[in-house]
Each structure stands twice: as C-alpha cells, then as structure tokens.
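Below: the structure, in structure tokens.
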Amino acid sequence: MTKDDLKAPLLNRSSHQMGVPHHKTRSTLKKHFTENYESLNLEPTRKEANRTADPRTLKRQIKRKQFNKWVIALAVGVIMGVCGKTLDSVLVHFVSFRSDLVHFLIVSLNTPLLAFLFYISINILFAFISAAIIQYISVAASGSGLPSLRAFLNGVNIPGIVTGTTFWAKLTSFLFVGASGMVAGSAGPMVHTGSALAVWLARISFNGKRVFPGFDTDADVQELVMWGSSAGIAAAYGAPTGATLFSLDNLSMFTRPSLLWRSYFSAIFTVLTFVLVATYIGNETDPRPGIFSFGVFDSPRYSFVDLVNFMIVGIIAGIIGAAVIRVVKILLNTPKFQPKTSTGKISKVMIVSICYSIVSFIMPLMKNDCLPTTEAQNLERFQCVLSDYSPSATLFFSSHSTTLQYIVHHDSMIPSSTLILWIITTLCFATITGSGLSVSGGLLVPSMLVGAGLGRVYGQYTHNSERTLSSSKIYAWVGASAVASGVFRSSLSLILIMVEATWDTRFALPIAFAVVTSRAVSAKLSKTRGLNDMVILNKMIPFLPEKPASNMSNHQAKDIMSAYPISFPERVSVSQIKSFLSNCSHHAFPVFGERESDNYETVSVTTGNTINPQIFLGFVMRNDLLLALSLLNYLPIEADINKEIAFAQLVLRTTKSMHPNFPTIDDIVIHPKYRSRDVNVGQLVNICSINVPEDAPLTLVFDMFHLLKLRHVAVINQFNECTGIITRKDLLVFDPHTPHSNPVAKGMKRKKRRAQHNTRINYVGPTFTLPQQVQMSNPLSSVKPPVLSNTPKSSVVVSPTVLQPLDSEMKNETSEEEDLDVHQSDSPNDDTNWLFA
C-alpha cells in the first residue's frame with residue numbers, strides 16, 4: 001500500500017461517509033431526543049485488571065449472588081402480597097364508609113347539599129395529597145409507570161425511577177388517588193411499586209455494607225425490575241402466570257430461563273401471601289387474590305353466532321383503542337394542557353377531581369333510578385331505601401373492582417342509557433388521566449371498565465330476552481379484554497391474565513377472538529405501536545424498537561457513525577483526563593495502543609512525517625475515569641505494573657460499591673501534585689468491547705444492539721483502528737415512528753448539490769481546505785486523520801479549544817443539513833495538539 005493510497009481516502013470521503021464528529025452530537029437528534037436520558041451499561045464487561053483475580057473468590061461471589069437473588073425474589077413477593085391486600089382493604093372500607101355517609105345525609109337527614117359538599121371536599125383533599133406527594137417527594141412516581149419501566153428495560157436510564165423514595169411515593173399516592181374516586185387504574189402503579197421495591201431491597205445497607213452484595217451493574221437492576229413487575233401485576237390481578245408473561249410482553253425484550261423462573265417465583269408468593277393475609281387476618285372465607293378482583297364466574301355459554309359477535313365487539317374495541325391513543329397524544333402535545341410548574345400540575349389534578357366529583361354525584365341524583373334487589377353484591381343505595389339500589393350510583397360511586405363485578409356478574413338487566421353515559425364519562429376522564437396527570441394511576445384498569453360496559457351493552461342488545469340474558473354477561477368480560485388490547489396492543493399475556501382470573505379455560509376462545517381482532521384494528525387505525533410506546537416517543541426517550549427499519553438494509557455502519565471519537569492512549573496524565581471529562585459529556589472513550597510492526601507506517605497528511613497507526617483496544621467508561629480521579633491518593637508515583645493493577649482493581653471495586661451514585665467531574669478537585677502523574681487507562685479497558693467494520697450493514701448492527709443489549713459499538717477500519725462510534729441514538733434516525741427520521745438519507749440526496757462548493761470536513765483535529773474539483777462520491781476505504789509528528793506517543797491530548805465550535809455559525813444546530821454538511825475552512829494548517837483513534 002502506497003502513501004498516496006492512504007492519503008486519498010481522507011480527502012475523498014463524503015460528509016455522510018465521514019459520519020458526524022463525536023464531539024458534536026447530531027443536531028437532528030438533539031431536537032428529537034432529550035439529553036436527560038442516557039443508556040444503561042448492559043453489555044458484559046471484563047477489565048484488564050481483573051485477569052489476576054482469584055477464581056475461587058469469584059466462584060464464591062457468584063454462588064452468594066445466586067442465593068441472594070432467590071431471597072430478594074421471595075421478599076418482593078411477600079411484601080407485595082401484604083401491600084396489595086392492605087391497599088385493597090383500606091380502599092374498600094373507605095369507599096364503603098363514604099357511600100354510607102352520603103346515603104345517611106341524603107336519606108336520613110334529607111340534606112343533599114351537605115352530602116354533595118362532603119363528597120366533593122373529601123375527594124379534593126385526597127386528590128391534593130396524592131398530587132403533592134408526586135410533586136414534592138418523587139416526580140418519577142407520576143403516572144402509570146409502565147412506559148418508563150418499558151424504556152428502562154429497553155436500555156434507557158430513567159433518573160429516579162427505581163428508588164426507595166419512588167416506592168413509598170408511588171404506594172401512598174395510589175392509596176390517596178384511589179380514595180379520591182378518580183379514574184386511575186391500579187395495574188401500572190403496582191408494577192412500578194414492585195419494581196422499585198426489588199431494587200430498593202437490593203441496595204439496603206447496614207453499617208456501610210450492603211445486605212445483599214453483588215447487584216452492582218445495570219443488568220442486575222434490570223433483572224430486579226423484572227421480578228418486581230411480575231409481583232406487581234400478580235398483586236393487581238391475582239394471576240401469577242399471566243403476570244410473568246405480561247412483564248415479558250409489555251415491558252422487557254430480553255429474557256432467559258432463570259429470569260422467567262424467578263419472576264414466576266416472586267409472582268406465586270405474591271398471590272399466596274395475598275390469600276393468606278385475607279384468610280387469617282381479614283377473616284375472609286373465600287378470598288379472591290388481586291386488588292382488581294374479577295369475582296366468581298359461572299360456566300360460559302356461547303354459540304357459533306356469538307363468536308361472530310365477539311369479533312364485532314373486538315372491532316368496536318379496536319376503534320376505541322385507536323381513538324384513546326390519538327386523543328392522549330393530542331393532549332400530551334397541547335402546551336396549555338401541560339402545566340410546567342408544580343403548582344400548576346397540582347391545580348390541574350384538583351380541577352379534574354372537582355369535575356369528576358360533580359359529574360359522579362349529579363348523575364345518580366338526577367336519574368333517581370332506584371331498583372329493587374335481593375342480591376348480596378355491594379350495590380350502592382345513594383338516595384334509595386334499604387331494599388333498593390341505584391345502578392348509576394353503583395357505577396359512579398363504587399370502587400373499580402366492585403364496578404367491574406357489577407357489570408359482569410349482575411343477573412338483571414342494567415339500563416343501557418346509564419351504561420352508555422357512564423362509559424362516556426369514564427372514557428373522557430381516563431384519557432385525561434393518561435395524558436400526564438400528576439397522580440399515581442394508569443389506564444389499563446379504566447380501559448377494562450370501559451370495555452366491560454361496552455360488552456354488556458352489546459350483549460344486552462343481542463340477548464334481550466330473559467332466557468338468554470345470562471349469556472350476555474360473557475360479552476362484558478370479552479369487551480374488557482378487547483378494549484385493553486386495543487389501547488395497549490397486548491395479546492397473549494392479556495388473554496392468559498383474563499383466563500387465569502376466571503379459573504375457567506372455556507373463556508379462552510371468545511377472549512382470543514376479541515383480543516386479536518381489537519389489536520389488529522387498533523394497529524391499522526393508529527400508526528403508533530401502542531399507548532406505552534406513544535408516551536415513550538412523546539417524552540423523547542431513545543427507545544430501540546423490536547426490529548430494524550426497512551430502510552436500514554441499504555446503509556452501512558460508516559453512514560451513521562459518529563466519526564473520529566475522542567480517545568485515550570494506554571497511559572495518560574491526570575490533567576489530560578480532567579480536561580477531557582470537563583469538555584465533553586460522553587460516557588465511553590476508545591483506548592488505543594501502538595503497533596509494534598513497521599509494516600504499518602504511514603505519513604501525516606499535514607506534516608509529511610512518518611507515523612504509526614494505532615490499534616483499538618476497547619472502551620474505558622466515564623465512571624471508571626471519574627473514580628480514578630477521586631482515588632488519586634492511591635495512585636502509584638512511578639510506573640509499576642503491579643501497583644497500577646492494584647490501583648485499577650481498587651477503582652473497579654469502588655465502582656461496584658458506589659453504583660449507581662457516581663460523582664460528577666465538577667465534584668472532583670485535583671491537588672496540583674497529582675496533575676503530572678500518569679494513569680494506566682489500559683487496565684480499566686473493557687476487553688470485551690464490541691466492534692464492527694465500517695462496511696457492516698446497519699441491520700447487523702441493529703441486531704447486535706438488540707440482542708446483546710449494547711450501549712456503544714466501535715467502528716474500525718482494515719487496520720483495526722477506531723474511526724467512529726455508534727449508539728442507539730444513531731440507529732433511531734431510521735425508525736419510521738421517530739419524528740423527522742432518517743436525516744442521513746435526506747443528506748445523501750443533497751450531496752451532489754453541496755459538493756460544488758469549497759468545503760471543510762469537521763472532525764476533532766486540523767482542518768483541510770478541499771478544492772472545488774474534489775469528488776465527494778465513490779470514496780475509497782477509510783483511514784483516520786493523521787497524528788501530528790510533534791505529539792508524544794505517551795501523552796497525546798485534546799486541546800480544550802478543539803472541543804469548542806470552530807466558528808460562530810456552527811453554534812446554531814437547528815438545521816438538519818448542518819450535521820451532514822461541510823463548511824469553508826478558516827485555518828487549514830492549524831497544528832493544535834489533538835487526539836483521535
């Protein structure tokens with residue numbers, strides 16, 4: 001290979017093939033994905049310093065960690081069972097007390113106004129407490145929690161989502177919002193509560209040491225979240241098998257047999273504890289597990305004609321599901337509906353609570369629909385005498401579980417006008433709850449309630465005779481499943497939960513007909529993947545989809561990589577590390593080593609001096625570098641490999657013990673006597689770092705990210721030199737669900753028009769002025785920018801000025817074309833010291 005062959009590719013590479021400079025994050029992605037979210041470090045790591053670890057010690061640590069996993073799974077199941085039954089008992093007794101007091105004020109004292117003031121006052125008070133807990137204790141506990149957990153298990157770090165504070169805030173906020181009577185479901189909050197509980201238990205410390213050591217990586221935290229989510233769903237529905245499958249279907253994309261078994265183990269003990277507490281403490285004779293209990297079902301009776309009707313119910317439910325997703329998206333994107341301050345968010349919750357309290361009180365009062373009953377169900381009397389009940393009050397006043405049981409199991413005809421009015425009211429307030437209301441509540445249970453009402457209305461219309469009225473009750477159960485599937489795009493897990501809750505497999509066929517139909521109709525009408533994914537995209541969270549986009553097959557890794565990343569040699573001074581970390585926010589840096597062979601010598605483009613290309617060794621993480629700066633007291637003065645290995649092992653042990661609370665670069669103050677010392681960064685390198693060649697297809701890169709749960713992938717050339725880095729944000733520009741996706745393809749279409757001007761290729765290093773006759777197409781194989789000959793091999797640094805914009809025009813990154821375009825050069829012979837791989 002000649003010197004001219006090595007120089008030519010650098011000058012002939014087009015802007016999209018050069019990639020985007022690593023020190024300048026893509027402006028297009030900045031507009032679409034907030035910098036508040038970073039990826040989790042989920043890929044397997046093996047540090048160079050750990051090669052000398054004692055194998056027997058590692059084996060003991062692994063066995064202890066496996067034992068701790070089963071202990072935590074058992075503890076999560078028991079605690080979630082106790083919490084679930086406690087919440088259920090408290091809410092049932094409070095709702096009963098409120099209804100009895102309202103009935104006493106209306107019937108006995110004949111003071112409807114006083115009953116209305118009491119009802120609305122107590123609801124507003126509890127709604128205010130619920131919103132205040134969210135705003136002033138843990139904002140991460142707001143909403144359902146399912147979208148955030150789904151993004152977290154996808155590999156995105158959501159700050160504060162699984163902490164002890166979030167656990168208590170979520171639990172208490174849900175208790176008060178349930179007591180306020182608002183339309184807020186229990187499934188999402190219980191899933192979030194269980195996940196936060198599992199992580200909190202794993203991080204409990206006593207006398208400065210963790211009770212359960214070993215859970216010191218992001219992959220361990222994800223596994224804990226899976227156990228907790230299964231226990232949460234089991235506490236909400238009392239279906240352990242369906243809960244385990246729900247966690248996989250709706251939350252996680254990665255699983256293995258051991259994770260499934262521990263999730264199922266935790267869910268079983270949740271249900272078992274729930275039943276034991278209800279039996280021996282609550283003195284219940286036949287307890288049904290789950291906060292949202294479905295009651296006891298009769299044997300289903302349906303014919304072939306009913307299967308067609310079940311599909312019709314599924315079609316209607318799919319339309320409703322698509323409409324809910326669309327309305328929630330509109331409300332989330334309406335600035336006037338999304339207050340920014342804590343006071344505004346609390347005021348919004350109180351306004352919604354006032355509106356629902358007025359509607360739920362006025363509707364039964366105006367209808368005055370008292371009917372006689374001899375059933376033993378918890379029916380609301382409201383303004384009726386003791387032997388009568390009010391259907392409208394039962395729908396509006398009761399708890400969610402009691403309302404569902406009334407719709408599904410009531411033997412007599414329920415007035416269709418009352419049901420339709422209640423469906424519309426519940427649907428409206430459910431969409432408001434799902435559009436960012438600052439309380440702990442979700443939409444899964446409200447969607448089931450709406451579906452149950454829809455199915456009951458359709459069943460009563462098609463089975464209006466007393467002889468076939470009992471067959472119409474199954475339509476309520478089918479409708480509940482169908483609407484939930486249309487909103488959340490769940491299928492198999494939802495069918496299993498419903499069948500497991502009924503304790504009768506004969507419900508599987510009608511539920512499957514309706515669920516599959518609803519999911520298909522909703523997917524056809526709504527272009528998003530479901531309510532949870534729509535909320536994730538609306539929050540600008542970099543969520544990696546399940547499969548690659550179709551337009552990825554025509555592109556390669558070099559088309560989207562961040563070119564020429566800031567890199568480290570194997571040995572670097574403390575002052576240089578401090579300068580690097582202060583001028584960038586990257587979380588991984590390539591480390592390179594020198595080649596010993598003279599066959600790879602080449603020539604610098606700028607100086608003409610002979611240089612040695614450098615080989616990629618792996619990534620060093622930002623957290624390891626920060627802790628190395630924090631432990632400079634233990635840094636060896638002289639270059640002693642044994643002492644350097646001991647120092648690196650100390651840094652890695654500290655990294656595990658401090659996870660995830662790492663210091664920032666602003667927290668570290670370096671004494672002047674340490675600034676000139678060198679750190680052996682090579683001992684902190686992850687020798688298992690994944691890399692791909694520049695010509696690797698993007699579909700392969702996407703599969704690697706998805707299956708190996710990667711955060712960074714190094715792009716290397718034919719000399720094993722790191723010429724770029726790919727992250728999940730680079731892959732998302734091709735996702736069709738991402739707003740303004742595929743800016744790379746747009747830039748490629750404008751390539752010929754831009755190639756006619758004098759250009760400058762922007763990367764970390766000297767700049768080059770390209771003449772007009774330079775052809776920007778048909779690039780040869782890529783090489784990295786040259787290393788200046790006057791730069792010492794052992795202390796190559798990046799000047800802080802290089803990290804700044806090269807001119808004032810580059811500060812404005814609002815245009816998509818700036819990422820892929822090239823600009824006129826100002827200083828073609830700049831000899832500033834710089835670093836690359």
Side-chain angles (χ1 to χ4, degrees), residues 79-80 82-102 117-146 163-194 196-197 232 235-236 291-292 339 342-361 396-403 426 429-430 432-446 449:
I79 295 176
M80 286 304 298
V82 174
C83 291
K85 182 55 186 175
T86 303
L87 286 174
D88 181 59
S89 299
V90 171
L91 291 178
V92 168
H93 286 85
F94 175 78
V95 170
S96 178
F97 164 76
R98 184 182 58 189
S99 301
D100 292 341
L101 186 56
V102 169
L117 293 177
F118 164 77
Y119 177 73
I120 195 172
S121 300
I122 198 68
N123 288 350
I124 294 173
L125 176 62
F126 286 150
F128 169 78
I129 296 175
S130 178
I133 290 173
I134 296 296
Q135 290 301 316
Y136 298 113
I137 296 181
S138 177
V139 180
S142 177
S144 168
L146 291 179
T163 62
T165 305
T166 303
F167 165 72
W168 291 109
K170 196 79 176 182
L171 200 63
T172 54
S173 177
F174 171 69
L175 175 63
F176 284 105
V177 76
S180 68
M182 297 179 64
V183 183
S186 59
M190 293 306 296
V191 171
H192 195 177
T193 299
L197 172 64
I291 297 176
F292 192 64
S342 299
T343 305
K345 294 178 180 180
I346 295 176
S347 301
K348 176 184 174 181
V349 172
M350 296 178 66
I351 292 174
V352 173
S353 177
I354 292 173
C355 294
Y356 185 76
S357 298
I358 293 175
V359 173
S360 61
F361 191 92
F396 283 101
F397 264 63
S398 302
S399 64
H400 293 159
S401 180
T402 303
T403 302
T426 304
F429 283 95
I432 295 175
T433 302
S435 60
L437 201 62
S438 183
V439 294
S440 177
L443 277 183
L444 186 56
V445 170
L449 292 175

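Here, residue 1 is the first one in the sequence, and each next residue gets the next number.
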Listing, residues 435-446 side-chain donor-acceptor contacts under 3.5 Å, not counting sequence neighbours, or none:
from	atom 1	to	atom 2	distance (Å)
Ser435	OG	Thr431	O	3.2
Ser435	OG	Ile432	O	2.8
Ser438	OG	Gln135	NE2	2.6
Ser440	OG	Lys170	O	3.4

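- Remark: Leu171 CG to Phe174 CZ distance equals 9.0 Å, nearest 0.5 Å.
- The distance between the ring centers of Phe128 and Phe176 does not fall below 6.0 angstrom.
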*Does the pair Ser99 and Ser96 meet the rule for a side chain to side chain donor-acceptor pair (under 3.5 Å), with working shown?*
CA-CA 5 Å; Ser99 301; Ser96 178; over 6 Å; no
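- No side-chain heavy atom of Thr172 sits under 4.5 Å from any side-chain heavy atom of Ile129.
- Taking the ring centroids of Phe118 and Phe361, they lie at or beyond the 6.0 Å cut-off.
- Sorted by first and then second residue, the side chain to side chain donor-acceptor pair (under 3.5 Å) pairs involving residues 349-358 (not counting sequence neighbours) are Asn123-Ser357.
- Separation of atoms OG (Ser347) and CD1 (Ile354) is listed at 9.5 Å; rounding is to 0.5 Å.
- Looking only at side-chain heavy atoms (C-beta outward), Thr403 and Ser398 come within less than 4.5 Å of each other.
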*Could you check Val102 against Phe397 for side chain to side chain contact (heavy atoms under 4.5 Å, CB included), going step by step and ending with a plain yes or no?*
CA-CA 10 Å; Val102 169; Phe397 264 63; 4.2 Å; yes
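- Put simply, the side chain of Val177 reaches to within 4.5 Å of the side chain of Ser180, judged on heavy atoms.
- With hydrogens and angles ignored, the 3.5 Å screen pairs a side-chain donor or acceptor of Ser173 with a backbone N or O of Ser130.
- Within the 4.5 Å cutoff, the side chain of Ile291 has no heavy atoms near those of the His400 side chain.
- Using a 4.5 Å heavy-atom cutoff, the side chains of Phe292 and Leu449 are in contact.
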*Passes side chain to side chain contact (heavy atoms under 4.5 Å, CB included), His192 versus Leu146? Steps please.*
CA-CA 7 Å; His192 195 177; Leu146 291 179; over 6 Å; no
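- His93 places a side-chain N or O within donor-acceptor distance of the main-chain N or O of Ser89, the cut-off being under 3.5 Å.
- Separating the OG1 atom in Thr193 from the CG atom in Leu197 is a distance of 8.5 Å, to the nearest 0.5 Å.
- A 4.5 Å side-chain heavy-atom check between Phe429 and Cys355 finds at least one atom pair inside the cut-off.
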